[in-house]
Amino acid sequence: MARTAFFAALALLVTAEDVEEDMIRVPLKKERRNLQEQARSAELSAAPWEEREAALGTSGGTARLTLRNQLNAQYAGVIEIGTPGQPIKVLFDTGSSNLWVPTSSGLQSQRLLGYHSGFSSKKSSTFQDGSLSFHFVYGSGGVSGQFCSDDVSIGGLKMSNFSFAQVDDVRGLGSMYTSALSVFDGILGLGFADLAHRGVPSAMQALVAGRRLKEPVFSFFLGDDEDGQLVLGGVDDRHFQGPFHFVPVVSTAYWQAPLAADCRDVELAGVEGQGSPADEQPQCQPAPAVRADWRRRNIRANIAFQALMSLAWGTAMGPVFDKYLFLLGSGLAKGPRLIPAMHANSLVGVAESVSGLTSLVVAIPVGYIVDRQPTKRAWLVRRSSVLAVLAVVTGFVAVLTDELLVLTVMLVSFGAFMELSSSATDAIFADSIPAGERSAYYVTKSVLTTIGSACGPGISALGLALLGDKWQPYQIKIVIAGGLLLFLPTLLPLFLFEDPVLTEPASREAEAGVASAQSEGSTQASTADAQASNGSGVEDTRRCLCFRSKHVPVLLALADFITCIGAGMTVKFFNLFFIQDHQFSPVAISLLQTAYPLVIALFMKFTERLAKPLGRPQASLSFFSANVLCLFLLGEVSWLPLLLLLFMVRGGFANSTFPIDRSILMDYTPSTQRGMWNAIQSLTSMTWSGSAFLGGLLSDSHDYRYTFVITSLIYATACVVYAPLLWLVPRKEKAAASIRT
């Protein structure tokens, strides 16, 4: 407005003869104003915003729309679409990013034309049809139609050839739309680009890119039993007092600020919603201070913990520990046996089953606590270190005495520690990663964890080489004791975790209040969303047989369950297969287990790269199917070089899919259910442990190759269960991250 007044008082006189090579001189001539004009200018400078706008006109970058108030629940404003403009009443929604309007023909076919105004493309001379389909699901239901483009005007701000969706099916909205109380025809989204269906630019993006706004800002006033107001390009200073309190946006999807611990709403200082600021009472206590770098801190702590844990586990509990159990089962053990007539391979399976039973007992209460106490997850992580110390101490006693009961206490302690620490740290890790970016972080974590698993056997190989490279009990015990010591520094990252600010909104009903927001992501525009479990957002119409998007976690868990049945029968016996059937020395088997995880890490990167153009489920199923073939051949091939090649490649194919599948699971589960799904994964792992006992019995009664063939058939069954995900999960990760199930 000041610029408008300034240029109204000046005359620009451009002369061509003053042009030089690198400069254009523009002489300005001041136009003198009389006393009356000067007095009017001073009066307008001190006048309220509304009076200045009325006197000077719209500033070429600001628009005001009156929002009709319906029972303090719906606030609708009028926009115009087409040439000539057709008026459409829309809700301005900060939880989506697309504009959709109903078609006149669609409303007529559903007998809603008398209640709502529709858009008729035949009446617009600037309409252009499109080919992209549109489907969006809100908390109350979905709408479907097709994208197109036409001129759209919002409060006098015109966008030419703007892409929006014309919807011919609004039945999913139900009574919210069909009721006579409904005051809107369509919805105009004001969210970030991450929420835009098919990446179509939002209205704010178009206005900002076209430099139609004075500032990249929109603001709401939601009246209490009176009409509200939307201002594009600025704020109305009649509706607030004092300075704004700017709150950082914690997600590039929703206008969402950090939540207080026990609050549903976040008040913005100086903003007037219902009543004056002086009359309002605080609704909650301020949120505790959170480090600005909590995301990076949690991500690094989780990766460090997992990598160090893999290093210590690979050293103490790797192939050397398997051989130690084999020796115990061959007669070295002292104390009462866990089952009658226990043989060498059976003891290996029983030891694995002890950890599985521990997970079975601990998983459900741990998952419940993690979900019910999201603000105490970091506290749980730190307390889990007590179990780790207990496991290390009992482990030392076990290798010194060869007592099976003490060894059982060690395995139980380790099982409880791994369950509690992994469930809480994984939930924190998932909450710390922005939606749509999880697969890259999960692959990075898995690669570094796998490298740690490779370094563990490498340390074992070095120790055994120095001790004589023999399967002597004292050599094995020294290596295991050294690995147990490595668990102590592993606990340090557990004390670096912080409870994250919940970033995934769950209910559109939590959006209420008055705020101003900057379109380029620096401030919170409306009252923050509360974190809950039922979520809303974009959902695809994808179906496969009777399955829909909400079944994705169930299918993943079921496929993992079947996979673990086969894996437990085989994986624990790979080391013994090479030791017993092919006479590998301690150093040789340790070096093999050093190279094996490195191959897996390499395949993980291949899977991540393949998942980008092909899709995550497509890449995962392709690699795991190749694993089935390789495992079947392992049961038939006898030539050692080819056997080793198949073993390495099979491990890469089978294990590289885990981070991809894990990222899919986290995209389809809200934060308040991640403890439960971690518990389900632990129960699935118990299947691994139970089938390890079965694998030991089969190995004793037949041979190792027999179990390889049986496992390959079980893996093939898991592939069939996994297959519907090819249709249910979008190929693009950003699209999957927006789905709320």
Side-chain angles (χ1 to χ4, degrees), residues 318-319 322 345 348-349 352 446 450 453-454 457 559-585 588-607 610 614 617-658 660-661 687-688 691-692 694-723 726:
D322 292 338
N345 287 308
V348 177
E352 184 68 19
S446 296
T450 305
S453 300
D560 192 37
F561 176 81
I562 298 173
T563 299
C564 285
I565 293 177
M569 295 173 57
T570 300
V571 174
K572 288 297 293 183
F573 300 98
F574 276 136
N575 293 324
L576 295 175
F577 169 65
F578 287 108
I579 293 172
Q580 299 301 122
D581 290 9
H582 295 276
Q583 289 74 51
F584 271 40
S585 68
I589 192 65
S590 297
L591 291 177
L592 177 64
Q593 288 300 319
T594 299
Y596 182 67
L598 295 178
V599 172
I600 294 175
L602 184 63
F603 271 70
M604 284 179 178
K605 296 302 294 183
F606 287 159
T607 310
L610 183 64
L614 192 63
Q618 289 77 6
S620 179
L621 185 59
S622 299
F623 272 48
F624 199 80
S625 299
N627 147 69
V628 175
L629 177 61
C630 292
L631 186 58
F632 182 83
L633 293 176
L634 273 177
E636 304 296 329
V637 172
S638 57
W639 186 42
L640 184 59
L642 181 57
L643 198 65
L644 290 173
L645 177 63
L646 286 172
F647 173 70
M648 291 290 191
V649 174
R650 186 219 69 86
F653 281 131
N655 294 281
S656 63
T657 62
F658 172 76
I660 295 294
D661 292 340
T687 307
W688 170 308
S691 62
L694 178 60
L697 295 178
L698 290 175
S699 298
D700 283 333
S701 61
H702 293 77
D703 60 8
Y704 296 115
R705 294 176 183 274
Y706 180 80
T707 61
F708 296 166
V709 175
I710 298 298
T711 299
S712 66
L713 298 177
I714 296 175
Y715 280 177
T717 305
C719 290
V720 174
V721 174
Y722 187 93
L726 300 179

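Given the structure is predicted, the values throughout are model-derived calculations rather than measurements. Values below: every heavy atom of this structure, side chains too, minus hydrogens, waters and symmetry copies.
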Given side chains that start at C-beta, do those of [X] and [Y] come closer than 4.5 Å, heavy atoms only?
X	Y	value
Arg650	Phe708	no
Thr657	Ile660	no
Cys719	Leu621	yes
Phe647	Leu643	no
Leu646	Leu642	yes
Cys630	Phe653	yes

Non-hydrogen atoms of [X] and [Y] that approach each other most closely:
X	Y	value
Ala559	Val721	N-CG1, 3.9 Å
Leu592	Met648	CD1-CE, 3.4 Å
Val709	Ser712	O-OG, 2.6 Å

Which distance, rounded to the nearest 0.5 Å, do you find between the [atom1] of [X] and the [atom2] of [Y]?
X	Y	atom1	atom2	answer
Ile565	Thr570	CD1	OG1	12.0 Å
Ile579	Phe574	CD1	CZ	13.5 Å
Asp661	Ser656	CG	OG	9.5 Å
Leu614	Leu726	CG	CG	9.0 Å
Leu634	Phe632	CG	CZ	11.0 Å
Leu644	Trp639	CG	CH2	10.0 Å

| request: Quick one: sort the Phe584 and Phe578 rings into parallel, tilted or perpendicular, breaks at 30° and 60°. | output: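 Tilted.
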| request: Look at atom CZ of Phe577 and say whether more than 12 heavy atoms of other residues, nucleotides or ligands are closer to it than 6.0 Å. | output: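 Above 12, so yes.
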| task | Go through the steps for Ile714 and Ile710 under the test side chain to side chain contact (heavy atoms under 4.5 Å, CB included), then give the verdict. | result | CA-CA 7 Å; Ile714 296 175; Ile710 298 298; 4.2 Å; yes
| Please, which pairs that meet salt bridge (Lys or Arg N to Asp or Glu O under 4.0 Å) have at least one residue in residues 593-607, sequence neighbours excluded? |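 Sorted result for residues 593-607: Lys605-Glu608.
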| Partner of Phe624 under side-chain contact (heavy atoms from CB on, under 4.5 Å), chosen from Tyr722, Phe658, Tyr715 |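 Only match with Phe624 under side-chain contact (heavy atoms from CB on, under 4.5 Å): Tyr715.
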